[in-house]
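Excluded from the calculations below are hydrogen atoms, water molecules and symmetry mates; all remaining heavy atoms, backbone and side chain alike, are included. Just so it is clear, the structure is predicted and the values come from calculations on it, not from any experiment.
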Protein chains: 2
Amino acid sequence: MKQQNSQTEEKILEAAEQIFLRDGYGDARMQDIADLAGINKALLHYYFRSKDNLFEYIFEKKISVMFPKMEEMFNQNLSFYETTCAFIEKYITLLNDNPYIPMFVMSTINRADRQDFIKKLPIGLIQKFAELYFKDFSVGKVREVNPAQLIISVMSMCAFPFIARPVIKEITKADDEQFKAIMQFRISEIQLYLKYILNQ
Amino acid sequence: MKQQNSQTEEKILEAAEQIFLRDGYGDARMQDIADLAGINKALLHYYFRSKDNLFEYIFEKKISVMFPKMEEMFNQNLSFYETTCAFIEKYITLLNDNPYIPMFVMSTINRADRQDFIKKLPIGLIQKFAELYFKDFSVGKVREVNPAQLIISVMSMCAFPFIARPVIKEITKADDEQFKAIMQFRISEIQLYLKYILNQ
DNA sequence: GTCTATATATCGATAGAC
DNA sequence: GTCTATCGATATATAGAC
């Protein structure tokens, strides 16, 4: 019973995750989720009251991938350059294992209704990076740039290719595995940009 | 009659553009488009056969904003650095006047069904930039980097903030006008990155 | 807990009057 | 060319048997 319960619940969550990530809220169908989970629609509503409810459950689970926890990275007393390099590697590696996440999160955030999803974002990341930048800048370790713009740039260079993934795959005639390799190579390339920008 | 005809058609197109850009295909409602155009649904289907048909009409009109024509830029015999700087300014200025375009185009491209939308993209842009880069690299004018990755990076830095616009507006507590100013300032910042990366 | 059957709502699309 | 009324398909959600 309890065993069965959580087993079915787990199947539903896995199926919902897959369908919602692929289709987004509007295009996702409860029937598709039920089929993939190997159950029927009624049972879906028995475990989760509504489509909205199920979606929010998935969204909150996945938001941490788009904006990963970085506490341990900031507590290692690394320089701004070193910290950002570590972030780039960790972030692209993470997204390479979850390529649908950026599009999923951004399409949700941009929904005209439900602007409240924005409130669930962790917004401390830019601030922490900026503080670390100023610490290094004050002792002349890095060149002068706008730190907020730089962080946005780094995140853009990491995340946008996953959003434009179908385009990049088409242009480069790459399959899923080759796209992964392109992004893996991209890590060192972005780190190189950062080195030149900060004059390290 | 003919006057009336094109006048109504124009109203429909303007309304459809606004609704589709805001909601995307799946979440857009024909009723909303009809309401905004000041007509009824039946007339919508009289002018455009179906929702699919109307959407494709809008999409093909807007795809040129996401991937703008760059012929005249490449024909001015400018250096890779100068050409890319000009692109950055033109592109962000264009997107600042059409902030919904990146999300609209990318959400459409990522639709699980209708993969055929990808075929409508102009894919020559990266190739042209790459050729121009190699021309300058062969005479030692620019530092060695991967040109395709660099172009993707530039486009990422320009376009991604518009996709993450609700997040950036929330974090910076910016309204529409202030966001525009942030992006306007961003032009020179990205150009600066490019200067450092290419060692100009 | 899990199923079948069905209610309820909404959407895209069409028929037909004017 | 434009409208009202409605069809038919499909979506979420629920009722009720087991």
Colleague: Side chain of B/I39 only, heavy atoms from C-beta on: which candidate in C/dC11, C/dC3, D/dC3 is closest?
Modeller: D/dC3
Colleague: Got a sec, which residues hit side chain to side chain contact (heavy atoms under 4.5 Å, CB included) with B/Q178, two or more places apart in sequence or on another chain?
Modeller: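 Partners of B/Q178 by the side chain to side chain contact (heavy atoms under 4.5 Å, CB included) criterion, ordered by chain and then number, come out as B/A174, B/D175.
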Colleague: Please give, in whole Å, the distance from D/dT12 C1' to A/F48 CZ?
Modeller: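 For the pair A/F48 CZ and D/dT12 C1', the rounded distance is 16 Å.
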Colleague: Using atom CD of A/Q31 as one end and atom P of D/dA9 as the other, report the distance to the nearest whole Å.
Modeller: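 Spelled out: CD on A/Q31 to P on D/dA9 is 17 Å.
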Colleague: Could you check how far CG of A/L44 sits from C1' of C/dG1, rounded to whole Å?
Modeller: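 It works out to 14 Å between those atoms.
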Colleague: Tell me whether the guanidinium CZ or amine NZ of B/R165 lies under 6.0 angstrom from the six-membered ring centre of B/F179 and within 45° of its axis.
Modeller: yes
Colleague: Please list, chain by chain and in numerical order, all residues satisfying salt bridge (Lys or Arg N to Asp or Glu O under 4.0 Å) with B/R143, sequence neighbours excluded.
Modeller: none
Colleague: For B/E10 and D/dG1, what is the distance between atoms CD and P respectively, to the nearest whole Å?
Modeller: 15 Å
Colleague: Counting just side-chain N and O atoms, does A/N40 come under 4.0 Å of either OP1 or OP2 of C/dC3?
Modeller: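 So the side-chain polar atoms of A/N40 do come within 4.0 Å of the phosphate oxygens OP1 or OP2 of C/dC3, strictly under.
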Colleague: Under the side chain to side chain contact (heavy atoms under 4.5 Å, CB included) test, which residues partner B/Y46, sequence neighbours left out?
Modeller: B/L43
Colleague: Looking at C/dG1, I'd like to know if its phosphate oxygens (OP1 or OP2) sit under 4.0 Å from a side-chain N or O belonging to A/T8.
Modeller: no
Colleague: In residues 188-195 of chain B, what donor-acceptor pairs under 3.5 Å come from side-chain atoms, sequence neighbours left out?
Modeller:
residue: B/S188; atom: OG; partner: B/F185; partner atom: O; Å: 3.0
residue: B/E189; atom: OE2; partner: A/N146; partner atom: N; Å: 2.7
residue: B/Q191; atom: NE2; partner: B/C85; partner atom: O; Å: 3.0
residue: B/Y193; atom: OH; partner: A/L150; partner atom: N; Å: 3.3

Colleague: To the nearest angstrom, how far is B/K11 atom NZ from D/dT2 atom C1'?
Modeller: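 Result: 11 Å.
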Colleague: Rounded to whole Å, please give me the gap between CG in A/D23 and C1' in D/dA11.
Modeller: 14 Å
Colleague: With a 3.5 Å cut-off and sequence neighbours excluded, list the donor-acceptor pairs that the side chains of residues 97-104 of chain A form with protein atoms.
Modeller:
residue: A/N98; atom: ND2; partner: A/L94; partner atom: O; Å: 2.9

Colleague: Measure CG/B/D35 against C1'/D/dT2 and give the value in whole Å, please.
Modeller: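 Distance check: B/D35 CG to D/dT2 C1' gives 15 Å.
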Colleague: Looking across every strand, which nucleic acid part, if any, lies under 4.0 Å from A/A34 by heavy atom: base, sugar-phosphate, or nothing?
Modeller: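 Here A/A34 touches no strand at all.
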Colleague: Can you give one letter per nucleotide of nucleotides 13-18 of chain C, 5' to 3': B if a protein heavy atom sits under 4.0 Å from the base, S if only from the sugar-phosphate, - if neither?
Modeller: BBB---
